[in-house]
Amino acid sequence: RAVREVFVRLYEKGLIYRGQYMINWCPRCHTALSDLEVVYDPTPGNLWHIKYPLEGSDRYLVVATTRPETMLGDTACAVHPDDERYKDLHGATVILPLLGRKIPVIADPIADPEFGTGVVKVTPAHDPNDFEMGNRHNLPRIKVIDETGKITAEGGPYAGLDRFEARKKVVADLDAQGLLVKVEPYELSLSKCQRCKTPVEPLVSTQWFVKTKPLAEPAIEVVKTGRIRFIPENWTKTYFEWMYNIRDWCISRQLWWGHRIPAWHCKSCGGVTVAREDPKKCSHCGSGEIEQDPDVLDTWFSSALWPFSTMGWPEETEDLKRYYPTSLLITGFDILFFWVARMIMMGLEFMGDVPFRQVYIHGLVRDAERQKMSKTKGNVIDPLEVTEKYGTDAVRMSLLQGAAPGTDIVLTEERMVASRAFANKIWNAARFLFLKMQAAGVEPHIPESEALEEAPLEDRWIFSRLNRCAEQVNKAIANYRYHEAAQTLWHFFWHEFCDWYVELKKLRLEEGSGLNRDWRNLLTAFETALRLLHPAMPFITEELWQRMAKGSEARPRSIALAPYPQPRGEWSDEEAERRMELLQEIIVSA
Ligand SMILES: [Zn+2]
Ligand SMILES: [Zn+2]
């Protein structure tokens, strides 16, 4: 419903239109591809130099092309207006080889005097630059390659051939007629379908477009003025580059799934009816003979509405009021444009406000050799498999430790093994505590913290360390430095809480002691540390916290709902830290 509403509103505003457009077409997937769905592959190819005879003269022009089969659709040759070699030929006529069509020589700045001979063939129906040039010079577009990649009837003797077969035959025929001057090896950047890797065929077709310039301007503005911030910062530049050069967005797709375009074509008058509800009649002539457009919308069209469509928009729901805008979006850079930029544009257009205030761009997860994981390389770490093997918390901890902003995450088995050991360390410490509690006659509960002035050194020390840990972790999280948060927690829990504090505390715990000061401090420190660790290792901390908290009546249902520990200045105790350091040195060196 939101999708339809947005489509209709944009259409009524003149921001959605149907247009003849040079699109990237995949002859295998039979669909239009957006610029972003095309990948460029450096591929060895050839540059064929072909003679185009001038009409009524012995002279000829030599054009260079990487796609000789498209010459069947040539409707002009172009030279640069300032190119001295060809100044006398502006407006002359050449005879298109093989087909014998008469085509003009035009002057257009897009012809690069440095490329080949400085003469280019112009194929408005099969090349984006030529399409533009064709518009400038009013050239006919002759479609010689169809949607399946075969030569059309316009291709004369080549009709019905696959485009690559046609290339061979065209070259052979040119050669036989003495019109092939030379063939040079030439590396080209071949555009391919992102999904199936078939070379893209630029085709002219009628598609639906969103006019993006008016939407992009406010979307640039909000990033300029800092209402939306990218982290790491360097993505801002990439965003601007893309937004300043944005082209209209082709939103129609020829697929079997997706949102159908809410437009109906009239058989009587040819008019288009765009409507929120399925119409019965043509809005132009009233005819009942209307048919819905067979195309569906690009999936990114509905994804762009996600921040408000999921909250019930266009209804003014409570959720919408409460959760729009959100504070933070976390995503990968590969969908920064597909998704993030478009959410910003649509959010500003339909909600009048940014959809989120900060965008955190995380790295890719790579293997130990820093290779991108891919199925073909066989270096993919299956998250479900390693979760089974090492535990969810260990995998999460491993990812966090590698998650420095602006870098990719290197995920290795070694790191997951270490994280599993860390989880075991915590588990064993907890098991020890629970056993000792039982022996001491202490009921599981969430303890009250108490004044530390009179407490023994190890208590004053661990609370001082806990305070520092909370301070560092909170700061790291606020700055998206998750790896620092993870490392700080790791160090505190393992090397301070388990290795020293619990060991020292063991000496003081007595059977049947009941809940005394030692227990209150020990349990307070442990419970606080669990809450601090919870975002990094949610499962183990929840499990242990539940066991510990079960005796407390008034408690949150989950550790996730308990307050996140903040630094507490009154716990800071530099003197205790100094004395403890000394003690540690003595013990370690002994
Ligand atoms: Zn394809
Ligand atoms: Zn009609």
Side-chain angles (χ1 to χ4, degrees), residues 7-8 11-12 14 16-19 21-43 45 66-67 69-70 125-128 143-152 161-167 188-208 247 249-258 260-301 303 334-335 337-338 374-376:
F7 188 96
V8 174
Y11 182 79
E12 285 168 352
I16 281 185
Y17 65 94
R18 293 187 91 207
Y21 205 69
M22 177 70 40
I23 48 149
N24 300 302
W25 179 268
C26 175
R28 187 158 175 275
C29 299
H30 280 246
T31 189
L33 307 171
S34 76
D35 291 355
L36 302 169
E37 290 161 315
V38 174
V39 290
Y40 296 90
D41 239 354
T43 311
T66 59
R67 301 187 60 203
E69 70 281 9
T70 61
H126 296 287
D127 179 277
K143 179 175 175 178
V144 292
I145 299 171
D146 70 11
E147 281 72 10
T148 62
K150 289 200 166 66
I151 304 298
T152 67
L161 290 178
D162 174 80
R163 53 189 171 151
F164 295 111
E165 285 304 310
R167 174 177 300 178
L188 52 142
S189 164
L190 191 61
S191 44
K192 292 182 176 173
C193 169
Q194 188 193 44
R195 252 165 299 181
C196 75
K197 305 292 182 277
T198 299
V200 161
E201 186 59 47
L203 287 184
V204 176
S205 78
T206 305
Q207 299 286 339
W208 292 89
R247 291 214 305 169
W249 173 17
C250 178
I251 50 168
S252 39
R253 294 287 182 278
Q254 292 69 43
L255 299 171
W256 295 109
W257 63 91
R260 281 284 285 280
I261 289 182
W264 285 259
H265 301 280
C266 174
K267 279 190 183 146
S268 311
C269 75
V272 176
T273 306
V274 169
R276 288 174 177 83
E277 307 292 334
D278 290 13
K280 299 249 168 353
K281 287 185 174 119
C282 169
S283 63
H284 306 277
C285 71
S287 160
E289 280 201 83
I290 52 171
E291 236 172 50
Q292 188 167 5
D293 195 292
D295 288 357
V296 298
L297 286 165
D298 180 3
T299 51
W300 294 107
F301 187 86
S303 306
D334 46 343
I335 51 175
F337 308 129
F338 278 118
S374 81
K375 280 187 202 139
T376 43

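FYI, the numbering just counts along the sequence from 1. As the structure is a computational prediction, the values presented were derived from the model and not from experiment. Both counts, for ligands and for their atoms, begin at 1 and track the order of listing.
Scanning all heavy atoms of the two residues, the minimum distance from Ser252 to Ala32 falls at O-CB, 4.2 Å. Closest of all the heavy-atom pairs between Arg163 and Pro199 is NH2-O, 2.8 Å.
With a cut-off of 2.8 Å, the Zn ion (ligand 2) has no N, O or S atom of His284 in range.
The salt bridge (charged side-chain N to carboxylate O under 4.0 Å, His left out) analysis of residues 281-291, with sequence neighbours excluded, yields the pairs Lys267-Glu291.
Of the possible donor and acceptor atoms, none in the side chain of Asp41 sits under 3.5 Å from a partner among the backbone N and O of Thr43.
Ring geometry for Trp249 against Phe301 counts as tilted: the plane angle lies between 30° and 60°, on a 0 to 90° scale.
For the Zn ion (ligand 1), the count of nearby protein N, O or S atoms, meaning those under 2.8 Å away, is 4.
Between His126 atom NE2 and Trp25 atom CH2 the span is 13.0 Å, to the nearest 0.5 Å.
Other residues, nucleotides and ligands contribute more than 12 heavy atoms inside 6.0 Å of the CZ atom of Arg18.
Take the Zn ion (ligand 2) as the corner point: the lines to SG of Cys285 and to SG of Cys266 open at 110°, to the nearest 10 degrees. If you put the vertex on the Zn ion (ligand 2), SG of Cys282 and SG of Cys269 sit 110° apart, to the nearest 10°.
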